[in-house]
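Numbered from 1 within each chain, the chains take letters A, B, ... in sequence-line order.
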There are 2 protein chains.
Amino acid sequence: MTNDTHRPLTLRDVSEATGVSEMTVSRVLRNRGDVSDKTREKVLAAAKELGYVPNKIAGALASSRVNLVGVIIPSLSNMVFPEVLTGINRVLENTDLQPVVGVTDYQPEKEEKVLYEMLSWRPSGVIIAGLEHSDACRAMLSAAGIPVVEIMDTDGKPVDAMVGISHRRAGREMAKAILKAGYEHIGFLGTKMPLDHRARKRFEGFTEALAKEGVEIEDRAFYSGGSALAKGREMTRDMLDRSPDLDFLYYSNDMIGAGGLLHLMDQKVDVPGEIGLAGFNGVELLDGLPRRLATMDACRQEIGRKAAEIIALRLDNPEAEIEKNVTLVPTIDYGDTLKRW
Amino acid sequence: MTNDTHRPLTLRDVSEATGVSEMTVSRVLRNRGDVSDKTREKVLAAAKELGYVPNKIAGALASSRVNLVGVIIPSLSNMVFPEVLTGINRVLENTDLQPVVGVTDYQPEKEEKVLYEMLSWRPSGVIIAGLEHSDACRAMLSAAGIPVVEIMDTDGKPVDAMVGISHRRAGREMAKAILKAGYEHIGFLGTKMPLDHRARKRFEGFTEALAKEGVEIEDRAFYSGGSALAKGREMTRDMLDRSPDLDFLYYSNDMIGAGGLLHLMDQKVDVPGEIGLAGFNGVELLDGLPRRLATMDACRQEIGRKAAEIIALRLDNPEAEIEKNVTLVPTIDYGDTLKRW
DNA sequence: ATGAAAGCGCTAACAT
DNA sequence: ATGTTAGCGCTTTCAT
């Protein structure tokens, strides 16, 4: 309670206050080795009294152990990644590891910068979204010599391990379900994000499965910025103005899908009879809508949990055999907007 | 490209590869001091070739400078804090500071732990949500000797500086607007979070302003967990079953308010004629709903930006006179669910 | 059960 | 423009 000089306290201060060597103080503070109860108590009391906070920078340098796990994600603004983070947190909470988050805004250059910064803190592991990275990123990741888990997507080859779903398959499955339900004139609505590889892969899987049955997408639209719900309304209205024959709309995310649904309900359109709808992600929000949008769960929390488990396990036992490819399989939730056949 | 031993590279490796002293290599890598172009290029080439990533742990220890800003928030799961983070990021992007986020789940013990962990990395500043902290937290914050900005709320006394809005005032203003519009039988719907002090203060301000006009809340309900939109529907239905005379519902957040709105629209209730509604936060989502819920913007991005600016400014010039109390004043957005008088 | 010495990888400060 | 020296605050290792 008395640190007049505004210099942060060091072990030495605690040592001097107690007459115990720095080394023993360090032992007490880390619960290491044998320390007599008497000394332990004296040290703990002094540390608390002084308000000593250990310096992890020095500790990490001396021990070359850093209890940090770098987590690199493209965005915080659509609930998908916060949920992944929650999953990661849940697992790391029970270890002495701490997540440190970096955001790339879907920009490869920024990803490179964020990764570089992160690695310069010598974390014990890295969890990074996506499988598409610059050569430099891949090089840094392998050179780091630490466990690396690439998450969200499993359509590709990871540097080390990967946990996610196949977005191509997700797109294909949805296309099959739509065709099976008898829809034939299909429109696609998505985000204008050339660098969102997962959205791209869903789209590719989707068109590919349609093509296999001789069906082609008849209209498409992409948006960027603004409220997804509002954009979903607008885009849906515009698309149906333009292409009144469409009988199904596939949205690249649930929020724009929900906007579309609200628009069609306003218009008293028969959903899913006249027009069917489906989105992607399985967001919680959908539960509160007047009708439940058909969707597919992206397994966000589970991906976070599994990825964190892999890191934790590896650090605990570097020799352990570990699954390098964890592909979760989401199922279609038909909700109320996609006819069942 | 050739690091066979899996030891991370050091300055010394670059030094040996180039025949330039470690010190000069260090200068090149940090763009410090005078280095000849020839040497600079040689060093940069070697560093890149080897794939050298500086060790910030060692750098920070040697220079006692850590370009980290700790950001401590209660939750990632309701879009409020991700938006604050976005504001913080926007500002710190243009500096050499890096945010590091810790999440407390609204638990004081966890806040203490997260703060302790954070401070043990000796960050250059801290941004922390709320003004209510344990004595231990307040002690740590003042002892750290770094700029501290408490955000979101300005109803109280900060350790150092604060940026936010007055939630008490927000509640009062909304109460006044509701009374002015002629509503008289008011219900309140909120979250079951005794530790969400900002929600509590809004509630207090709200009831206080009602009381001043001799009005009391006639019914109230609190929820926890689940989809806020769905809960808003349920709670609204239940409350109106229970208290059919209510003519206004005040929700502690926009998501449950939106749920209530959807429910009332389903029921063909005349909003805002028969029943008025208001929420809090000004979430983007509202733009896409069939009607716009009345709300009050919580200035989330701006709070993040201002807080980060204070930290950046202080670090840049510790002497600068800085505003210690930045109280933003949100205005009521009447939307389509609160009559104007 | 406790202490002393060396050093983690870098940078500040001072040479040259 | 470049190099040398001495730490930063801890932990590892080895002694006692």
Side-chain angles (χ1 to χ4, degrees), chain A residues 3 5 7-44 46-47 50-67 96 117 119-124 144-145, chain B residues 3 5 7-44 46-47 50 52-68 96 117 119-124 144-145:
Chain A
N3 174 20
T5 81
R7 167 183 60 76
L9 296 164
T10 68
L11 267 189
R12 168 177 228 113
D13 294 303
V14 182
S15 167
E16 284 173 358
T18 53
V20 174
S21 78
E22 286 186 41
M23 197 52 237
T24 300
V25 173
S26 169
R27 286 195 182 96
V28 171
L29 265 19
R30 286 176 301 143
N31 296 307
R32 284 285 163 75
D34 289 323
V35 181
S36 71
D37 285 354
K38 209 182 120 217
T39 310
R40 153 167 286 106
E41 277 164 36
K42 188 163 50 171
V43 168
L44 287 176
L50 294 170
Y52 172 71
V53 177
N55 184 331
K56 287 217 182 191
I57 306 242
L61 183 61
S63 66
S64 45
R65 254 191 290 280
V66 181
N67 68 338
D96 62 349
E117 289 286 322
L119 291 179
S120 71
W121 287 102
R122 300 287 187 267
S124 293
Chain B
N3 173 20
T5 80
R7 169 183 59 77
L9 296 164
T10 67
L11 267 189
R12 168 179 227 113
D13 294 303
V14 182
S15 167
E16 283 172 359
T18 52
V20 174
S21 78
E22 287 186 42
M23 197 52 231
T24 301
V25 173
S26 170
R27 286 193 182 98
V28 171
L29 266 20
R30 287 176 301 142
N31 295 309
R32 284 287 162 76
D34 288 322
V35 181
S36 71
D37 286 353
K38 209 181 117 216
T39 311
R40 154 167 284 106
E41 277 163 36
K42 187 163 53 170
V43 169
L44 287 175
L50 294 169
Y52 171 71
V53 177
N55 185 331
K56 287 216 182 190
I57 307 243
L61 184 60
S63 66
S64 45
R65 253 192 289 281
V66 182
N67 67 339
L68 261 26
D96 62 350
E117 289 285 323
L119 291 180
S120 72
W121 287 101
R122 300 287 188 266
S124 293

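One interatomic measurement links the two molecules: CZ of B:R12 to C1' of C:dC8, which rounds to 12 Å at whole-angstrom precision. In this entry the distance linking NZ of B:K42 with C1' of D:dT2 reads 12 Å, nearest Å. For B:N55 and D:dC8, the CG to P distance is 18 Å, given to the nearest whole Å. Atom CD1 of B:I57 is separated from atom P of D:dT11 by 13 Å (rounded to the nearest Å). Atom CG in A:L11 sits about 13 Å away from atom P in D:dT12, given to the nearest Å. Here the P atom of nucleotide C:dC10 and the NZ atom of B:K56 are 13 Å apart, to the nearest Å.
Residue A:T10 has its side chain nearest to D:dG9 when only D:dG9, D:dT11, D:dT2 are considered. You'll find that the side chain of B:L61 is closest to C:dG9, out of C:dT2, D:dC10, C:dG9. Across D:dG9, D:dT11, C:dT2, the shortest atom-to-atom separation from the side chain of A:A58 is found for D:dG9.
When side chains are defined from C-beta on, A:V53 does not count as touching B:W121, because their heavy atoms never get closer than 4.5 Å. At least one side-chain heavy atom of B:N67 sits under 4.5 Å from a side-chain heavy atom of A:E117. At a threshold of 4.5 Å between non-hydrogen side-chain atoms, the residues A:L44 and A:L29 count as touching. For the pair B:V25/B:Y52, no side-chain contact is recorded, criterion being any heavy-atom separation below 4.5 Å from C-beta on.
Checked by atom type, the side-chain pair B:S26/B:R30 shows a donor-acceptor distance below 3.5 Å.
Using a 4.0 Å heavy-atom cutoff across all strands shown, B:S63 reaches sugar-phosphate atoms only and no base atom.
For D:dA1, neither phosphate oxygen OP1 nor OP2 lies less than 4.0 angstrom from any side-chain nitrogen or oxygen of B:T39. Checking the phosphate oxygens (OP1, OP2) of C:dA4, no side-chain nitrogen or oxygen of A:S21 falls inside 4.0 Å. Neither OP1 nor OP2 of D:dG9 sits under 4.0 Å from any side-chain N or O of A:Y52.
Looking at every heavy atom in both residues, B:L61 comes nearest to A:A58 through CD1-CB, 3.8 Å.
If B:S64 and A:R65 are placed on DNA chain D by their nearest nucleotide, the residue sitting closer to the 5' end is B:S64.
DNA chain D lies under 4.0 Å from at least one heavy atom of each of the following residues of residues 23-35 of chain B: B:M23, B:T24, B:R27, B:D34, B:V35.
At least one donor-acceptor pair under 3.5 Å links the side chain of B:T18 to the backbone N or O of B:V14.
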